[in-house]
Amino acid sequence: MAEEYEVLVVGGGPVGLTAAHLLETLGVRTLLIERNATTSDEAKAISLDDESLRTLQFCGLAEDVASVVVPGTGTRYYGRRGQPLFHARGATAFQFGHSFKNQFAQPELEGLLLRLLPGPSRFGCELRELEQDQDGVTAVVVTDGTERRVRASYVLGCDGGRSTVRALNDVDMTGTSYPDVWLVVDTLDDPHDERYGMHHGDPVRPHVVVPGRDGRCRYEFLLHPGEGEPGVPPSFELVRQLLAPYRTITPEQVERSVNYRFHAVVADRWRTGRAFLLGDAAHMMPPFAGQGLNSGIRDAANLCWKLAAVLSHRAGDGLLDTYEAERRPHAEAVVRFSERLRATVMTTTSARASARDALVALAMLIPKGRAYLEGMKFRPSPALRGGLVLESMRGSGSHLLGRPLEQPMVLLPDGHTAGRLDGVLGYGFALLGVDLDQADWRQIADSPLRELGAVEIDVLCGDRLPRGSAARPAVADHDGRLQRLLAEVSGHVLVVRPDRYICAVFRPEQGRAAGTALLRLLNERLPEQQSSPRTTV
């Protein structure tokens, strides 16, 4: 007899563990399996963005994760002669409620996420077969040579670049694999104590330095022809020579060293019936933007609430098709962005490096240019176009539509305590009424918006005290950020999705039309999904 769950998560890395936490937080019965016997002992990913920490905050993990990360301040870029070019700190300090870019050791993070996982997990458990039918997925898994069957409504392939879920569903990846060989070395007892990563655009030897916690530091160097091959461990002598400008090192201080080639590839499809791909299983990218893991966590944040909504019959199956529609454009843009960083920051051409340095120096003399570089506005925005976003009502506040809602500190309903905005948003949809009166709320009460089951929140701009009512809580501006963010949509309603993206902005009198349109999007069943053919892979 098969074990039964609602979702089977395949892969126990940071993306799979995050997906399992999200699903359990949302009340979805989940089993996580991982082919390896334990969590990773290798520091692969090393940077978590503020958006990723916000997702972990959703799962109640913010304080726990804070204990294993460095509250970082972004990335500092250096030119061909080692001169500082600029420090990219992000557009707004604590834009999403957390430090902009945070260094961590992957073994520590994985171990913490596994220890705190409320649902079941099974390591040393390998996926062998998948069979789909109209009602679910049957997986054959093997632990210690014993086969078991697991039955689930959906399966998530979070199992990395060599994804078994992707292979079993016969999905290819399209893109480029680069010939460059890079040496990555993680060191101990390192003197670096900076809270930012350092990208050195020396065309002779492009390299990256990322300090971590407790004396850890990651170094990445482009190797010259003949210095190393992928999969062949680098010699300690080469490691020592490359690190010599920064430190002396002994073999015992090398935590990990590896040669690798990177890829810029995206899976041809991210959904096959009831199977989905996330993280490296769906997209692999060069490391220079630090977005590989963060893109995978965005995948999980986008998909998991939709699965919960469909499984609880609060949305139609067609909602799940918005996962790839919403995430693929941004993932592809980040892959291309990472390739551009390779071509510019990590160029091996002296003329190109000189031109880059001159252009950056000129841009830094111009206020808009400085803001563009230091705010890292050159990084692709995760804003959504299409999917579950009410594009038909673009008007006032359209610059907010499809974007993640920022997370300022707010005065909470008691009027004297400050906290992060997400603390009052809950786990479902939220309706934020910006400076609305009771007549405005009555119009919303008479609209289909109530069927969203959303928490309703009075948002007060300006220097005012929140006075919540029995009907809804109120929050107010704490430090001016809420005013700057929402003052121009005073008198409007914002509909915020569970993943904190703004999917609608409208005036109260438009509530009926907005509610009808949103419910239609939530409950659509696309024709090709109404009858899923039985598939054995």
Side-chain angles (χ1 to χ4, degrees), residues 8-16 18-19 33-36 40 42 44-45 106 126-130 132 137 139 154-182 184 229-231 258-304 320-343 346 380 382 387 528 535-537:
L8 173 65
V9 176
V10 181
V15 173
T18 299
I33 65 170
E34 163 58 46
R35 66 167 71 95
N36 293 315
S40 175
E42 294 185 344
K44 301 172 185 176
Q106 184 165 328
E126 185 176 358
L127 174 68
R128 291 284 177 85
E129 299 176 25
L130 280 177
Q132 293 196 41
V137 177
Y154 298 96
V155 61
L156 306 189
C158 306
D159 47 346
R162 297 182 177 90
S163 169
T164 301
V165 174
R166 190 181 66 234
L168 290 174
N169 283 286
D170 196 26
V171 177
D172 292 327
M173 302 190 89
T174 300
T176 302
S177 293
Y178 286 89
D180 308 349
V181 180
W182 284 74
V184 176
E229 291 297 327
V258 62
N259 294 334
Y260 78 100
R261 286 193 174 106
F262 56 78
H263 309 280
V265 293
V266 179
D268 293 345
R269 64 179 185 273
W270 296 15
R271 179 184 188 184
T272 304
R274 292 176 173 270
F276 296 84
L277 302 176
L278 297 80
D280 283 356
H283 42 72
M284 289 185 281
M285 58 193 67
F288 308 116
Q291 291 299 295
L293 171 57
N294 292 292
S295 292
I297 292 179
R298 288 191 192 97
D299 295 342
N302 183 289
L303 178 60
C304 288
L320 301 179
D321 284 324
T322 66
Y323 163 58
E324 182 175 350
E326 291 179 349
R327 284 292 304 132
R328 175 184 281 276
H330 184 249
E332 290 179 336
V334 172
V335 169
R336 293 192 298 269
F337 170 62
S338 301
E339 291 180 291
R340 290 196 300 273
L341 286 181
R342 169 189 176 270
M346 299 299 162
E528 60 268 27
T535 305
T536 302
V537 292

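We count residues from 1, following the sequence as given. As a basis for the values below, the full set of heavy atoms in this structure was taken, side chains included, without hydrogen atoms, waters or symmetry mates.
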- At what distance, to the nearest 0.5 angstrom, does OH of Y154 lie from CG of L320? 5.0 Å

- Query: What closest approach, in Å, do Y260 and V184 show between heavy atoms, and which atom pair accounts for it?
  - Reply: CE2-CG2, 3.0 Å

- Within the side chain of Q291, is there an N or O that forms a donor-acceptor pair under 3.5 Å with the backbone of M285? no

- Task: Taking all non-hydrogen atoms of both residues into account, name the closest pair between G161 and M284 and its distance.
- Result: CA-SD, 3.6 Å

- Looking at residues at least two apart in the chain, or sitting in another chain, which of them share a salt bridge (Lys or Arg N to Asp or Glu O under 4.0 Å) with R298? D49, E51

- Note on the structure: Note: A19 and L156 closest approach over all heavy atoms is CB-CD1, 4.2 Å

- Message: Could you tell me if the side chain of L8 sits less than 4.5 Å from the side chain of V137, heavy atoms only?
- Response: no

- Note on the structure: Across all chains, not counting sequence neighbours, the ring-ring contact (aromatic ring centres under 6.0 Å, His included) partners of Y178 are F262

- Minimum heavy-atom distance between V15 and I297, given as atom pair plus value: CG2-N, 4.2 Å

- Query: Rounded to the nearest 0.5 Å, how far apart are OG of S338 and NE2 of H263?
  - Reply: 14.0 Å

- Pairs involving residues 258-268, ordered by first then second residue, that meet salt bridge (Lys or Arg N to Asp or Glu O under 4.0 Å) (sequence neighbours left out): E229-R261

- Without swapping roles, check the side chain of R327 against the backbone of S295 for a donor-acceptor pair under 3.5 Å. yes

- Query: Can any side-chain N or O of H283 pair as donor or acceptor with the backbone N or O of E332 at less than 3.5 Å?
  - Reply: no

- Query: Just how far is it from atom OG1 of T164 to atom CZ of R162, taken to the nearest 0.5 Å?
  - Reply: 11.0 Å

- Please answer whether the main-chain N or O of R269 pairs with a side-chain N or O of E324 as donor and acceptor at a distance below 3.5 Å. no

- Task: Please identify each residue that fulfils salt bridge (Lys or Arg N to Asp or Glu O under 4.0 Å) with E339, with sequence neighbours left out.
- Result: none

- Tightest non-hydrogen contact, residues P380 and A333, listed as CG-O, 3.6 Å

- Message: Donor-acceptor pair, distance only, cut-off 3.5 Å: does the side chain of S163 make one with the backbone of D159?
- Response: no

- Item | R271 charged N/C atom sitting above F276 aromatic ring, 6.0 Å / 45° | no

- Message: Holding to salt bridge (Lys or Arg N to Asp or Glu O under 4.0 Å), I want the full list of residues that pass it with E326, two or more places apart in sequence or in another chain.
- Response: K306, R497

- Query: Between L277 and Y323, what is the shortest heavy-atom contact and its length?
  - Reply: O-OH, 2.7 Å

- Gap separating the CG atom of D280 from the CG atom of L293, nearest 0.5 angstrom: 8.5 Å

- Query: Got a sec, which residues hit salt bridge (Lys or Arg N to Asp or Glu O under 4.0 Å) with D180, two or more places apart in sequence or on another chain?
  - Reply: R342

- Interatomic distance, L278 atom CG to R166 atom CZ [nearest 0.5 angstrom]: 12.5 Å

